[in-house]
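Quick note: residue numbers are just sequence positions, from 1. Source: prediction; values computed, not measured.
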Amino acid sequence: MAPPSVATSPARVVLVSAQSPPPPPSRRRSARALVAPPAGRRYGCGGVRLRIIRCGAAGEEDGDRRGEQVEAAGEEVAAPGRDLVTLAACLVGLLTGVSVVLFNLSVHEIRDLFWDGIPLRGASWLREAPIGETWQRVIFVPVSGGIIVGVLNTLRSSIKTTSNGTMSKVKGAFRPFLKAMAASFTLGTGNSLGPEGPSVEIGSAIAKGFGNVFEWEDGKKLSLVAAGSAAGIASGFNAAVAGCFFAVESVLWPSSVDTLSLSNATPMVILSSVIASVVSEIGLGSDPAFTVPEYDFRSPTELPLYLLLGIFCGLVSITLSRCTSLTIQTVESLQKATGLPKAVSPALGGFIVGLLALIYPEVLYWGFENVDILLESRPFTSGLSAAVLVQLIGVKVLATSLCRAFGLVGGYYAPSLFIGAATGMAYGKIMRFTFTGPEPLLHIPFLDVASPQAYGLVGMAATLAGVCKVPLTSVLLLFELTQDYRIVLPLLGAVGLSSWIVSPQRFSRSNMGKLDSLEAKTSAFKQAKNVPSQSQQAASMDTAEPMTELCKLESSLCVYDAKHEKENLTVAEAMKTKYISVSMTTPVVEALNLMLVEKQPFVMITDSKRSLVGLLTLKGIQDFCKTANTTWAQTDEPIVSHVCGATKCKIRSVTPQMLLTTAEKIMNSHRVDQLPVVSEHVDHQNRGLLAGFVDREGITIARRAVATKGFLSFTTEIRREER
């Protein structure tokens, strides 16, 4: 049977969604095999660069053999690069381990400095000491920490990068260091956050530094960031296995990587996690993060009780997330209404935490000693009643939310574990009293309830999984610390239900990206620039908010954003210079006529010097009409100032030099679809000479145009090489 002839129709190319710049020359070589030869052209076998043999044989068997040769040659060339990245991942693990050790030691030193002479047994001593002797220290130590954090936050904001230049990158390198210092003072002074989030960000910052030095992109940089995140968790909890799974859950899976990239990153993640864990063990000791109490499992018939605990932990996780979001919005509104400087906000947060600690001292961060108190695993400490534990759940949720909203720096892992321990212990004590107490309310002969400590441990994992959306990490962390197979089944059941309870918040754009990538892989150019389709853009906008809320809750869960890491577009490349402007005295009807003529749902408000005053939207006018009876006299014709007095036309502005991803983040955070562009900010405010505006449509067009331009240049060079 004669082999099939070579197709003479032109090669069909499908453009898919892309966020990355055109492939560099070093990657274009291996991509040559992806491009079909021009119609009617045949190639003889011959030596080609990289020893890739491009035979023009038309048979399928020859095509398969050619593909194997190309793949083998690509692997041969890529091997040295992978070895270098693997070595860099080991160095990332080493440096992360050392940095996390220094970070934890600094927290301990600051705590000893501010709480001089205080017993090292958690905050339980405050329940025993007379409040008249301790109230000043309990209040003013967190306040002093907030003052220092406010200064560090202001300094960090002042060197915020707004471009992609060399000097901007050098300045940006100091930002992670300042954030780690702010976290040290936050935790050392007892404010209600945790150290594991900053540990992860330390590791990811070191990894990104290596990636910038070697100018690595895409899979290599992603692998390094995953290795740094794994090292941060491994050194923070002294749990290498949990660190590996954390990197997979929080970095690799959400990044929509393909199977090959995931398999290449796995050994780097493992090596980095192991090295960081060893360094942490040397620097901080081999003891686990918290003391595992004595516990027991009585009977498999208890499993329904653990499943019910998982449901409760899921509800508590949602409460913490919603409370944090609500508190952040409330504090932002308070800052706008009162003009409260952001530099002062952390001190106010510390003051509120100090007031809460007068009654509930366990809300203060004291390492994991307070968790040990809840689990009753420390000697010479009396256990807390179920009623007090339930109260602590609510107070800890409030204190943690306030710390995040007022700008204190820290993670949500330790608070989640604290809240989970309190939830599990309270639940376990109630169940024990109900079913196996001296006078049980319900007597079930075949049900023997275990100790509350068992429920406390399971509650910790279930709440951590619900809050931070890392179920596998939570299971492996508790299993690694307890080293008890009996805990696995209750853990899996409770964590699974808790994750299911909170799952509607988690269907993020990253998951949509994975579904889109499956379709994209059917294209011959799946490694080329991805250009988002209209349906993908709509899905991304619909699902971006849950991911944004999760990043606000715990920033260490968003250490790598593939789109933001790869894109270098500025606002100037996407802005529109044709705009409509009105003054504050323009009649509203005239502004509406301008919107109708230009088919734009907004107009810019400027003064006589063409300086930006604000932005008036069609929705703002509609809201004004609903309350028109109380906002302006019926005999007057409404003007723009009437509308702005009711709906606040002030809006954030951007500059042409600002990165497009930064402008998009501002849009997402303020829930708007367009932003004014000013030539430069005056006195660090949102005023300046109006230059145009940038909207989501312009951003999409700019990305599509740049992606298509890069793709055409890419294919043109390949065809030139083939000739």
Side-chain angles (χ1 to χ4, degrees), residues 196 230 233-234 236-250 253 266 269-270 273-274 277 286-314 316-317 368 371-372 374-377 413 416-428 431-432 435 446-503 506:
E196 287 72 31
I233 285 292
F237 284 109
N238 196 12
V241 178
C244 295
F245 277 83
F246 175 82
V248 173
E249 285 190 292
S250 66
W253 284 354
T266 302
V269 167
I270 294 174
S273 181
V274 169
S277 184
S286 58
D287 294 333
F290 54 88
T291 305
V292 178
E294 295 183 1
Y295 62 93
D296 57 351
F297 292 99
R298 301 292 179 85
S299 171
T301 57
E302 279 188 283
L303 185 58
L305 297 181
Y306 288 104
L307 298 181
L308 183 59
L309 173 61
I311 295 176
F312 282 132
C313 289
V316 170
S317 301
F368 279 94
V371 175
D372 294 339
L374 299 183
L375 296 176
E376 302 176 9
S377 58
Y413 302 96
S416 299
L417 293 173
F418 180 97
I419 294 170
T423 303
M425 287 293 293
Y427 177 84
M431 291 299 104
R432 198 168 182 119
F435 295 106
F446 57 84
L447 179 61
D448 192 7
V449 180
S451 62
Q453 284 81 357
Y455 291 93
L457 291 172
V458 173
M460 292 171 68
T463 306
L464 178 62
V467 174
C468 299
K469 314 301 188 295
V470 284
L472 293 180
T473 303
S474 304
V475 172
L476 267 296
L477 175 64
L478 265 293
F479 174 68
E480 193 170 3
L481 294 176
T482 60
Q483 299 181 2
D484 188 352
Y485 281 101
R486 297 178 302 164
I487 202 174
V488 172
L489 190 60
L491 270 179
L492 290 173
V495 167
L497 273 176
S498 177
S499 301
W500 175 72
I501 290 293
V502 302
S503 59
R506 183 53 174 168

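- Ser273 approaches Ala240 most closely through the heavy-atom pair OG-O, 2.7 Å.
- Remark: Ser451 pairs with Asp296 by the side-chain hydrogen bond (donor to acceptor under 3.5 Å, both in side chains) rule, at least two apart or across chains.
- Between the CG atom in Leu492 and the CD1 atom in Ile487 there is a gap of 10.5 Å [rounded to 0.5 Å].
- Heavy atoms only, all atoms of each residue included: Leu491 and Ala461 are closest at CD2-CB, 3.4 Å.
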(request) Dump the intermediate steps for side chain to side chain contact (heavy atoms under 4.5 Å, CB included) on Tyr413 and Phe246, then the final yes or no. (result) CA-CA 12 Å; Tyr413 302 96; Phe246 175 82; 3.3 Å; yes

Donor-acceptor contacts, no H, no angles, side chain residues 416-425, under 3.5 Å, sequence neighbours left out:
residue: Ser416; atom: OG; partner: Tyr412; partner atom: O; Å: 2.5
residue: Thr423; atom: OG1; partner: Ile419; partner atom: O; Å: 2.8

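- Between Gly243 and Ile233, the closest heavy-atom pair is CA-CG2, 3.7 Å.
- Contact between Met460 and Val371 at its shortest, heavy atoms only, is CE-CG1, 3.9 Å.
- Pairs engaging residues 460-483 under the ring-ring contact (aromatic ring centres under 6.0 Å, His included) rule: Phe479-Tyr485 [sequence neighbours left out].
- Leu472 contributes atom CG, which lies 6.5 Å from atom CZ of Phe245 (distance to the nearest 0.5 angstrom).
- Closest approach of Leu307 and Ala494 over heavy atoms only: CD2-N, 4.3 Å.
- Between Leu464 and Leu477 the shortest heavy-atom distance is CD2-CD2, 4.0 Å.
- Take Pro471 and apply the side-chain contact (heavy atoms from CB on, under 4.5 Å) test, not counting sequence neighbours, and it matches Glu249, Ala465, Val495, Ser499.
- Under the side-chain contact (heavy atoms from CB on, under 4.5 Å) criterion, Leu305 pairs with Tyr427, Met431, Phe435, Leu447, Val449, Tyr455, not counting sequence neighbours.
- Taking the side-chain contact (heavy atoms from CB on, under 4.5 Å) definition, one finds that Ser498 meets it with Cys313, Ser317, Ala462, sequence neighbours left out.
- Arg432 has its side chain within reach of Pro452: a pair of non-hydrogen atoms, C-beta onward, lies under 4.5 Å apart.
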